[in-house]
Trainee: 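Please read through the structure below; I'll follow up with questions.
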Amino acid sequence: MEQVDLQATLMGGQCFAWEEKDGVYSAVLKGKQVSLSCAEDIQGPFLSDYFDMSFDYKAAREYLATLSPVLDQAVTTCPGLHILRQDPYLVTINFLLSQNNNIKRIKALYDTLCRSYGTEVSTGRFSFPTRDQLSKATEKELLSLKFGYRSGYIVSVVREYGRLGGLEKLSTAKARERLMTLRGIGPKVADCILVFGYHRWDAFPMDTWMRKVMCSYFPNKDGSYFAPYQALAQQYLFQSAQSGRLVC
DNA sequence: GGCCAGGCCCCAG
DNA sequence: CTGGGGCATGGC
C-alpha cells in the first residue's frame with residue numbers, strides 16, 4: 001500500500017496552507033478544517049483526489065531512479081512524496097507570493113491573506129479568501145500588510161483572473177503563454193501554477209535551487225530529460241537541494 | 001551592512 | 001534574445 005509522506009508532501013513547498021504541530025498536520029481546505037496525523041487519515045473522495053492517490057507513483061519512482069544516483073537516493077529516502085491536486089486560483093495567488101521569497105515567509109503572507117480577507121471557519125482558523133473576497137484588497141492595503149512589490153501583482157491578477165478561461169483544454173506550452181500575459185507571472189511562476197494547479201507534469205519550474213542542482217548534477221540537460229515525470233523529478237530535486245541533502 | 005530567498009518588469013544593447 | 005538594475009521584506 002502506497003504511503004503518503006505527509007511531511008514531504010504538505011510541507012515541501014507545493015502549498016503553504018498546512019501547519020504541523022506535534023505531528024498533526026492541519027489546514028483549512030474548501031472552507032473546512034482538516035487535520036491529519038498519519039497517511040491512513042487520507043480517506044474519502046476529496047482527500048483521495050487532493051493527494052492524487054490513484055496515480056502510480058511507484059512506477060514513476062522506479063523510472064526516475066534509473067536516471068541518476070541523485071534521484072535514486074532521493075526517491076529511496078522519500079518514497080511517499082506526492083504532487084497535490086490543488087485549486088488553480090489558490091495556487092496562482094500563492095506563487096505570486098513566492099517570488100524572491102522563502103517558504104517560511106510565503107507561509108506568513110498566506111496566513112495574512114487568510115486572516116485579512118478570508119472567512120473564520122472556527123476560532124482562529126481562516127479560509128483562504130475567494131476571488132470575490134480578495135478583490136476587495138487594495139494595493140495600498142497590501143503594502144501596509146508587508147506584501148511589498150507583490151501587492152500590485154496580486155490586485156492585478158485577481159482582477160484579470162477571469163481572462164484566463166479554460167486553461168485545462170490548452171497544451172502546456174499554450175497555457176504557460178497565456179498565464180504569462182498576467183502581470184507578475186513570469187516563466188517560473190507559470191510553471192509552478194501549471195504543476196501544482198493544473199497537474200501538468202511536463203512543466204519544470206526552474207528556481208534558484210533548481211538552477212544549482214541542474215548545474216551541478218545535470219549539466220547541459222533540461223526538464224525533458226526526466227520526461228514523462230518532470231514535475232515529480234523537480235519536486236524531489238528541489239527538496240533535496242533545499243534541505244541541504246545535496247551539495248551544489 | 002551584504003547576501004539570499006520557489007522572480008518579474010523594464011530597458012539597453 | 002540576453003544581461004543587468006530595481007524592487008519590498010525579513011533572516012542570517
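A note on names: the letters A, B, ... follow the listed sequences, proteins ahead of strands, and every chain is numbered from 1.
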Trainee: Just one of Glu177(A), Arg178(A), Arg176(A) clears the side-chain contact (heavy atoms from CB on, under 4.5 Å) bar with Leu170(A), so which one?
Mentor: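 Filter result, single survivor: Arg178(A).
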Trainee: Under 4.0 Å, heavy atom to any atom of DNA chain C: which of residues 68-83 of chain A qualify?
Mentor: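 The answer is none.
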Trainee: With a 4.0 Å cut-off on heavy atoms, is Gly13(A) in touch with a base, just the backbone sugar-phosphate, or nothing at all?
Mentor: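 Answer is base: heavy atoms of Gly13(A) come under 4.0 Å of a base.
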Trainee: Looking at every strand, decide which applies to Phe147(A) at a 4.0 Å heavy-atom threshold: base, sugar-phosphate, or nothing.
Mentor: nothing
Trainee: With a 3.5 angstrom cut-off on both distances, give the Watson-Crick or G-U wobble partner of dG5(C), or none if there isn't one.
Mentor: dC9(B)
Trainee: Using atom P of each nucleotide, how far apart are dC9(B) and dG10(C) to the nearest Å?
Mentor: 23 Å
Trainee: Which whole-number value in Å describes the distance from Leu97(A) CG to dC8(B) C1'?
Mentor: 14 Å
Trainee: Can you check the Ile103(A) CD1 to dG11(C) P distance for me, whole Å?
Mentor: 16 Å
Trainee: Heavy atoms under 4.0 Å, any strand shown: does Lys188(A) hit a base, just sugar-phosphate, or nothing?
Mentor: base
Trainee: I want to confirm an ordering. Mapping Lys212(A) and Gly186(A) to their closest nucleotides on DNA chain B, which one lands closer to the 5' end?
Mentor: Lys212(A)
Trainee: Can you see whether Arg183(A) engages Ser156(A) through a side-chain donor-acceptor pair at a distance of less than 3.5 angstrom?
Mentor: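 Ser156(A) and Arg183(A) do not have a side-chain donor-acceptor pair below 3.5 Å.
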Trainee: How would you list all residue pairs meeting side-chain hydrogen bond (donor to acceptor under 3.5 Å, both in side chains) that involve residues 4-23 of chain A, not counting sequence neighbours?
Mentor: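 Pairs touching residues 4-23 of chain A that pass the test: Gln7(A)-Tyr25(A), Trp18(A)-Tyr50(A).
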Trainee: Short of 4.0 Å, heavy atom to strand atom, which residues of residues 148-164 of chain A count as contacting DNA chain C?
Mentor: Gly148(A), Tyr149(A), Arg150(A)
Trainee: Does Tyr149(A) have any ring pair (Phe, Tyr, Trp, His ring centres under 6.0 Å) partners at least two apart in sequence or in another chain, and if so, which?
Mentor: none
Trainee: Between His199(A) and Arg85(A), is there a donor-acceptor pair closer than 3.5 Å when you use the side chain of the first and the backbone of the second?
Mentor: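 No; judged by distance alone, with no hydrogens or angles, the pair does not exist.
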Trainee: In whole Å, I'd like the distance from the CE atom of Met180(A) to the P atom of dC10(B).
Mentor: 13 Å
Trainee: Can you find a side chain N or O atom of Arg211(A) that sits less than 4.0 Å from OP1 or OP2 on dC4(B)?
Mentor: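 Checking Arg211(A) against dC4(B): no side-chain N or O falls below 4.0 Å of OP1 or OP2.
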Trainee: Indicate yes or no: does Arg211(A) engage Asp207(A) in a salt bridge with an N to O separation below 4.0 Å.
Mentor: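 Salt bridge between Arg211(A) and Asp207(A), a charged N being under 4.0 Å from a carboxylate O: no.
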Trainee: So, using ring pair (Phe, Tyr, Trp, His ring centres under 6.0 Å) as the criterion, who are the partners of Tyr110(A) when residues are at least two apart?
Mentor: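 Checked Tyr110(A) against ring pair (Phe, Tyr, Trp, His ring centres under 6.0 Å); matches are Phe128(A).
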Trainee: Check Ile83(A) against Ala231(A) and note the closest heavy-atom contact, atom names and distance.
Mentor: CD1-O, 3.9 Å
Trainee: Minimum heavy-atom separation for Tyr225(A) and Leu67(A), please, with both atom names.
Mentor: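 Of all heavy-atom pairs spanning Tyr225(A) and Leu67(A), the closest is OH-O, 3.0 Å.
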Trainee: So what does Gln235(A) hit on the nucleic acid, given a heavy-atom distance under 4.0 Å: a base, only sugar-phosphate, or nothing?
Mentor: base
Trainee: So, for Ser127(A) and Val121(A), which heavy atoms are closest and what is the spacing to 0.1 Å?
Mentor: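 Minimum heavy-atom separation between Ser127(A) and Val121(A): CB-CG1, 4.2 Å.
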Trainee: What integer distance in Å separates Gln99(A):CD from dC8(B):C1'?
Mentor: 5 Å
Trainee: To the nearest angstrom, how far is Phe95(A) atom CZ from dC8(B) atom P?
Mentor: 12 Å
Trainee: Check DNA chain B against residues 104-117 of chain A and give the residues with a non-hydrogen atom under 4.0 Å, in numerical order.
Mentor: none
Trainee: Measuring only the P atom in each nucleotide, how far is dC11(B) from dA8(C)? A whole number of Å is fine.
Mentor: 16 Å
Trainee: Any ion pair linking Glu2(A) and Arg61(A) (charged N to carboxylate O, less than 4.0 Å)?
Mentor: yes
Trainee: Looking only at the side chains, is there a donor atom on one of Ser26(A) and Arg125(A) sitting less than 3.5 Å from an acceptor on the other?
Mentor: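 Per modelled atom types, Ser26(A) and Arg125(A) side chains form a pair under 3.5 Å.
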Trainee: Side-chain donor-acceptor pair under 3.5 Å between Glu62(A) and Tyr57(A), yes or no?
Mentor: no
Trainee: Nearest whole Å is fine: how far is dC7(C) C1' from Arg183(A) CZ?
Mentor: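 Taking CZ of Arg183(A) and C1' of dC7(C), I get 12 Å after rounding.
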Trainee: What integer distance in Å separates Asn101(A):CG from dT9(C):P?
Mentor: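 Between P of dT9(C) and CG of Asn101(A): 12 Å.
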Trainee: Hey, does the side-chain of Asp207(A) have a donor or acceptor N/O within less than 3.5 Å of a partner on the base of dA5(B)?
Mentor: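 Flag unset: no donor-acceptor pair detected.
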Trainee: Say we look at dT2(C) and dA5(B): how far apart would their C1' atoms be, to the nearest angstrom?
Mentor: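 Each nucleotide's C1' atom is 24 Å from the other's.
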Trainee: Please report, rounded to the nearest Å, how far the P atom of dC9(B) is from the CG atom of Asn100(A).
Mentor: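 Distance, rounded to whole Å: 13 Å.
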Trainee: Using a heavy-atom cut-off of under 4.0 Å over every strand shown, decide if Leu182(A) touches base, sugar-phosphate, or nothing.
Mentor: sugar-phosphate
